[in-house]
Amino acid sequence: MIRTAVIPVAGLGTRFLPATKAIPKEMIPIIDKPTIQYIVEEAVDSGIEHIVFITGRNKSAIANHFDYHPELETHLKEKNKLDELEGIRKLVSRASFSFVRQNEPKGLGHAVLCSRHLIGKDESFAVLLGDDIIDAEVPALKQMIKVHNEKQAPVLALQQVPGDDVSKYGVVAGEYVSETVLKLSGLVEKPEPADAPSDLAIIGRYILSYEIFQYIEDTNVDKTGEIQLTNALRQYRDIFGLLFKGKRYDAGNKLDYLRATVELALEREEFREPFTAYLKNLKL
Ligand code: G1P
């Protein structure tokens with residue numbers, strides 16, 4: 001059973017400056033919900049009970065967001081805003097939240113290593129990256145847990161990406177063992193398009209076992225001074241990738257963020273009609 005999800009949130013969010021100068025990038029909303037809440041909701045909707053945030057300086061707004069707020073709750077009660085009240089209370093009650101400081105900027109592998117003392121030696125756990133918002137009928141992590149239960153091995157989320165984009169991702173080589181599952185034989189972090197083993201990119205969802213911590217310790221820092229999770233993953237003998245069903249947005253990319261805002265708004269009853277009418281009338 002996968003109970004724990006590790007969510008690295010220590011990044012500075014420089015792609016979204018100036019918005020991220022004083023506000024954690026994870027708190028920037030898509031419509032009215034911080035991007036980090038989409039990630040946490042995917043995790044709890046997949047059965048996760050414990051969220052471990054790997055945080056850094058200036059990220060206290062995230063801890064506040066996942067805590068009760070008595071003053072606001074009393075205010076909402078007095079104003080009879082009961083739906084809003086239920087919404088903010090429910091989010092906090094659905095999981096327990098832990099916070100670990102990553103006090104050196106040494107990359108994703110190092111961020112995951114910071115959670116070691118909170119993971120059981122026989123426990124498999126999830127890692128979710130905050131920039132990857134996945135809109136799916138069945139939560140992407142839940143789809144992966146199903147594969148993990150079948151294979152009893154680590155599972156990565158994969159998506160096909162267009163040609164030159166491979167250089168932005170971890171890219172895999174592997175053999176299909178079913179229509180959507182691959183047994184992986186190679187993993188390369190951000191290859192040049194000419195060197196990429198395929199067009200299948202790792203999207204920010206992982207199910208890992210405790211062994212990963214040793215593998216990360218065995219991994220050297222790369223030329224940017226970071227420990228890449230992708231390089232540590234290479235040490236697994238049996239590891240699988242799932243081409244999940246769902247639409248993924250890179251919330252750290254401004255164009256994709258804009259797309260996510262428009263498309264997620266169109267999915268909401270309250271916006272569908274007026275927003276569709278607005279889009280039709282736009283003189284482009
Ligand atoms: C990280 C990982 C990369 C993965 C990507 C998914 O890169 O290192 O392997 O493909 O997340 O979003 P980053 O986007 O942090 O540079």
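Counting from 1, the numbers follow the sequence of the chain as shown.
L128 and A5 get closest at one heavy-atom pair: CD1-CB, 3.5 Å. Here the shortest heavy-atom pairing between V100 and C114 reads CG1-O, 3.5 Å. Contact record, A251 with F16: O-CE1, 3.5 Å, taken as the closest heavy-atom pair. Looking at every heavy atom in both residues, I145 comes nearest to S46 through CD1-O, 3.5 Å. The two residues V171 and A196 make their nearest non-hydrogen contact at CG1-CB, 4.3 Å. Scanning all heavy atoms of the two residues, the minimum distance from F271 to A265 falls at CB-O, 3.4 Å.
Under the 6.0 Å cut-off for aromatic ring centres, F125 and Y206 do not qualify, their centroids lying 6.0 Å or more apart.
In this structure, S198 contributes its side chain and V172 its backbone to a donor-acceptor pair below 3.5 Å. D222 contributes a side-chain N or O that, together with a main-chain N or O of G225, makes up a donor-acceptor pair within less than 3.5 Å. In this structure, the side chain of Q143 engages the main chain of V138 through a donor-acceptor pair within 3.5 Å. Side-chain N or O atoms of R3 include none that pairs as donor or acceptor with a backbone N or O of I48 at under 3.5 Å. Using a distance-only test at 3.5 Å, with no hydrogens or angles considered, a donor-acceptor pair links the side chain of T219 to the main chain of Y215. Between the T20 side chain and the I23 main chain, no donor and acceptor come within less than 3.5 Å of each other.
Cluster annotation: I36 is connected to Y249 through the hydrophobic network of ILVMFWY side chains, with a link wherever side-chain heavy atoms come within less than 4.5 Å. Clustering ILVMFWY residues whenever any of their side-chain heavy atoms sit less than 4.5 angstrom apart, transitively, puts I7 in the very cluster that holds V155. Note on M144: it does not cluster hydrophobically with L243, by side-chain heavy-atom contacts below 4.5 Å among ILVMFWY residues. V52 and V9 are members of different hydrophobic clusters when ILVMFWY side chains are connected at heavy-atom separations under 4.5 Å. Linking ILVMFWY side-chain heavy atoms closer than 4.5 Å, directly or via other members, places L158 and I207 in two distinct hydrophobic clusters.
A 6.0 Å sphere centred on NZ of K151 holds more than 12 heavy atoms belonging to other residues, nucleotides or ligands. Atom CD of E211 sits in a crowded spot, with more than 12 heavy atoms from other residues, nucleotides or ligands closer than 6.0 Å. The 12-atom threshold is exceeded at CZ of R272, counting heavy atoms of other residues, nucleotides or ligands nearer than 6.0 Å. Residue L12 qualifies as open at atom CG: its count of foreign heavy atoms under 6.0 Å is 12 or below. E270 CD: more than 12 foreign heavy atoms inside a 6.0 Å radius. Within a 6.0 Å sphere centred on CG of L85, heavy atoms belonging to other residues, nucleotides or ligands number more than 12. Heavy-atom contacts from other residues, nucleotides or ligands closer than 6.0 Å to CD of Q152 number more than 12.
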**OP:** Could you walk me through whether E26 and H65 pass side-chain contact (heavy atoms from CB on, under 4.5 Å), step by step?
**Re:** CA-CA 11 Å; E26 296 79 10; H65 190 71; over 6 Å; no
**OP:** Apply side-chain contact (heavy atoms from CB on, under 4.5 Å) to I2 and T4, showing your working.
**Re:** CA-CA 6 Å; I2 312 288; T4 305; over 6 Å; no
**OP:** Test salt bridge (charged side-chain N to carboxylate O under 4.0 Å, His left out) on R248 and D256 and set out the steps.
**Re:** CA-CA 9 Å; R248 174 247 177 187; D256 237 26; 5.2 Å; no
Subject >> Chi angles and distances behind the side-chain contact (heavy atoms from CB on, under 4.5 Å) call for N231, V188 >> reply: CA-CA 7 Å; N231 294 341; V188 194; over 6 Å; no
**OP:** In sequence, state the C-alpha distance, the side-chain angles, and the governing distance for R57 and K59, and then conclude on side-chain contact (heavy atoms from CB on, under 4.5 Å).
**Re:** CA-CA 6 Å; R57 203 172 282 281; K59 297 283 179 167; over 6 Å; no
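Between H148 and S124, the closest side-chain pair of non-hydrogen atoms falls below 4.5 Å. Side-chain atoms of F97 and I51, non-hydrogen and from C-beta on, do get closer than 4.5 Å to each other. The closest side-chain heavy-atom distance from V177 to L182 is not below 4.5 Å. Side-chain contact between I30 and Y257 is present, with at least one heavy-atom pair separated by less than 4.5 Å. A 4.5 Å side-chain heavy-atom check between R268 and D32 finds at least one atom pair inside the cut-off. E226 has its side chain out of reach of V221: every pair of non-hydrogen atoms, C-beta onward, lies at least 4.5 Å apart. At least one side-chain heavy atom of I202 sits less than 4.5 Å from a side-chain heavy atom of L187. Between E217 and L113 the shortest side-chain heavy-atom distance falls below 4.5 Å.
A salt bridge between K190 and D195 is absent, with no side-chain N of the basic residue lying under 4.0 Å from a carboxylate O of the acidic one. A salt bridge links R205 to E42: at least one charged side-chain nitrogen sits closer than 4.0 Å to a carboxylate oxygen. Under 4.0 Å is where a charged nitrogen must lie from a carboxylate oxygen, and between K183 and D238 at least one such pair does. A salt bridge does not link D135 with K247: none of the charged nitrogens is closer than 4.0 Å to a carboxylate oxygen. Ion pairing of R259 with D250 is absent here, as no side-chain N (NZ or NE/NH1/NH2) approaches a carboxylate O to less than 4.0 Å.
Annotation: cation-pi pair K33/Y38 present, NZ/CZ under 6.0 Å from the ring centroid and within 45° of its normal.
Between F213 and Y210, the ring planes are perpendicular. Angles over 60° get that label, and only those under 30° would be called parallel.
No donor-acceptor contact under 3.5 angstrom links the side chains of E49 and S96, judged on distance only.
Here T230 contributes atom OG1 and L108 contributes atom CG; the two are 7.0 Å apart, rounded to the nearest 0.5 Å. Here the CG atom belonging to L72 is positioned 11.0 Å from the NZ atom belonging to K77, to the nearest 0.5 angstrom. Atoms CG and CZ, from L156 and F240 in turn, are 11.0 Å apart once rounded to the nearest 0.5 Å. In this structure, D199 CG and Q159 CD are separated by 11.0 Å, a value rounded to the nearest 0.5 Å. A distance of 8.5 Å separates CG in L229 from CD in E189, rounded to the nearest 0.5 Å. For the atom pair S209 OG and K121 NZ, the distance stands at 13.5 Å (nearest 0.5 Å).
Taking the ring pair (Phe, Tyr, Trp, His ring centres under 6.0 Å) definition, one finds that Y176 meets it with nothing, sequence neighbours left out.
Each of K90, K81, R89 was compared with E73 under the salt bridge (charged side-chain N to carboxylate O under 4.0 Å, His left out) criterion, and only R89 meets it.
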